[in-house]
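For reference, the structure discussed in these notes is given below.
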2 protein chains.
Amino acid sequence: MDSKAYPRQPRGLALTRPKQATDLPCDHCIGRHLNLCQSLDEERLQQLLELGSIRHWQRHQILFRAGDLASSFFKIRKGLVSVFRTLDDGRRQIVAVRVPGDCVGYLDTDGHYAFGGDALTDVEACSFDRRRFDALAAENPDLAAALAAALSSALAQSGESMLVVGKLRSTERVAHFLGKMALLHRELYAKPGPFQLYMNRSEIADLLGLTIETVSRSMTKLKERAVIGLIESNEVIVLDHAKLREIGKIDDGGRTSAIG
Amino acid sequence: MDSKAYPRQPRGLALTRPKQATDLPCDHCIGRHLNLCQSLDEERLQQLLELGSIRHWQRHQILFRAGDLASSFFKIRKGLVSVFRTLDDGRRQIVAVRVPGDCVGYLDTDGHYAFGGDALTDVEACSFDRRRFDALAAENPDLAAALAAALSSALAQSGESMLVVGKLRSTERVAHFLGKMALLHRELYAKPGPFQLYMNRSEIADLLGLTIETVSRSMTKLKERAVIGLIESNEVIVLDHAKLREIGKIDDGGRTSAIG
DNA sequence: CGACGATTTGACTCCACTCAACTTCCGTGG
DNA sequence: CCACGGAAGTTGAGTGGAGTCAAATCGTCG
């Protein structure tokens, strides 16, 4: 119905770059999900390491493009990656934000990437040949199990995101996002205080299924209610964690930790 | 913000029951996803079969409840299962609809089901002990690979759902849903013609992040435009497949087939 | 028939989108 | 040094689409 084109605000390279993008700790420090190196004997470990090569991307560079041949996937070591899908008319939905330790680019339809992958910050990732990895996994149950665990975790996160986008109001969504980012920050740095969002309003909007204006207004509301404080537009401090979690409907215990 | 309680229309047992709910073909007929019995030797196959026991549920019965101890998961043989999550105030989001061949109840946080599972139709499923299955998978790479494939597929579907719920307008969402259901119908029965939705307006609304009234209005619009026809409120015939896919933004080729 | 549940339809409201102006913040160059 | 331009973000006014509330219709079952 009424498929008018979305003239999308120009999504060119941002001049302002997050101050310490590459400062995000690497996965080995925090050991989240799919620890590919776990419990493999010497020989297998060697094989796995041979498959992977470390690569780097700058913010807003593309790791992989939806529809391209999915020859390899990536295990993030540093930085954040957005996984997204775009409609012909320009509407874009960020499906997940992946963090150090996560894998991206593993999903394919018919051998082609099912989603696109963008570097939200400067990114360092280990690139694995998909075919050879699968072959190795087929002979190493532990590796396969790790993969299944990672996929399970991602799927659970994805389900939570569905709830957020499908059922929460705009300010609730933004609160949810900020709450999850705060958790991520604590997990990565194990310290409270202000933190970077690493995403601009446009990216947050595409993640939450809102517009940049609505995101901005929601942030203002949360600021007015003294739930958060804004150091800069991209730097946030949570003033009332309980309230933020309540508004954002973040189940306490906070075991499911990523942003997805 | 303003978390007023949602008085939710009574979701009791529906008196009207889909005519041939148990008529949905079982997985062995169509071999979708995670074929657990594939490529196992005799001994392993025997072990696997010993883990599973076939169970039955009626429409609107609960397979598993979010938060309960996730002692076992289920491979659907007949029928449809909705996987959902509920907020304290009653808002509910159906995260995925699973079909014969799929597995449900595999996702857990800390050993407890991360989502709830409802029978959308009468359901026949094979129940597996989670712990013992994982142990078997740890020794059978093929099994683990099949599991990973199933999870990958589910994750890709989940991503597509995010796009639908996050970026499509109400009528587009309903069109998407109907298009996917039509595909499912063709896949299960390999024939065109009218088909059952197996879901009432309330369930469709909870799946698409809409209200029952909006779903109803969207269906009326599609009917008025001669894209679909309604035999009964629950029985649909697609009059213009191309148009339906166009409105619902269903990428052609239609390889990704499930509803999730 | 009468009651109830499911769905449809109507009237109205409100939240989020659209369009537009304005502010900030940079960086560049006169 | 300040002027200027561009990009990101904020704010405002107005619109529209989906939600809310309510009534009407339809179908089924007792």
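Letters A, B, ... mirror the listed sequences (proteins, then strands); counts begin at 1. Not measured: the values here are computed from a predicted model.
- Look at CG on B:Leu168: it is 17 Å from C1' on C:dA16, rounded to the nearest Å.
- For C:dC15, neither phosphate oxygen OP1 nor OP2 lies less than 4.0 angstrom from any side-chain nitrogen or oxygen of A:Ser170.
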Tabulate protein N/O versus nucleotide N/O from nucleotides 10-13 of chain D, keeping only pairs under 3.5 Å, one per line.
unit_1, atom_1, unit_2, atom_2, d
D:dT10, OP1, A:Arg201, NH2, 3.2
D:dT10, OP2, A:Arg201, NE, 2.7
D:dT10, OP2, A:Arg201, NH2, 3.4
D:dT10, OP2, A:Ser216, OG, 2.8
D:dT10, O5', A:Ser216, OG, 3.1
D:dT11, OP2, A:Thr220, OG1, 2.8
D:dG12, N7, A:Arg217, NH1, 3.0
D:dG12, O6, A:Arg217, NH2, 3.2

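- Rounded to an integer number of Å, the gap from CG of A:Leu208 to C1' of C:dC15 is 16 Å.
- Residues forming a side-chain hydrogen bond (donor to acceptor under 3.5 Å, both in side chains) with B:Arg201 (at least two apart in sequence, or on another chain): none.
- The distance from atom CD of B:Glu232 to atom C1' of D:dC26 is 11 Å, rounded to the nearest whole Å.
- At whole-Å resolution of the value, CD in A:Glu172 and C1' in C:dA16 are 13 Å apart.
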Using atom types as modelled, flag every donor-acceptor pair under 3.5 Å from a side chain in residues 236-244 of chain B to any protein atom, sequence neighbours excluded.
unit_1, atom_1, unit_2, atom_2, d
B:Asp240, OD1, B:Ala242, N, 3.4
B:Asp240, OD1, B:Lys243, N, 3.0

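- For the pair B:Glu235 CD and D:dT28 C1', the interatomic distance rounds to 16 Å; values are reported in whole Å.
- No more than 12 heavy-atom neighbours from other residues, nucleotides or ligands sit within 6.0 angstrom of CG on B:Asp88.
- Atom-to-atom, CZ of A:Arg169 to C1' of D:dA18 comes out at 10 Å; the value is rounded to the nearest Å.
- Here the P atom of nucleotide D:dA8 and the CD atom of A:Glu203 are 10 Å apart, to the nearest Å.
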* Could you walk me through whether B:Met162 and A:Val83 pass the side chain to side chain contact (heavy atoms under 4.5 Å, CB included) test, one step at a time? => CA-CA 11 Å; B:Met162 291 269 322; A:Val83 178; over 6 Å; no

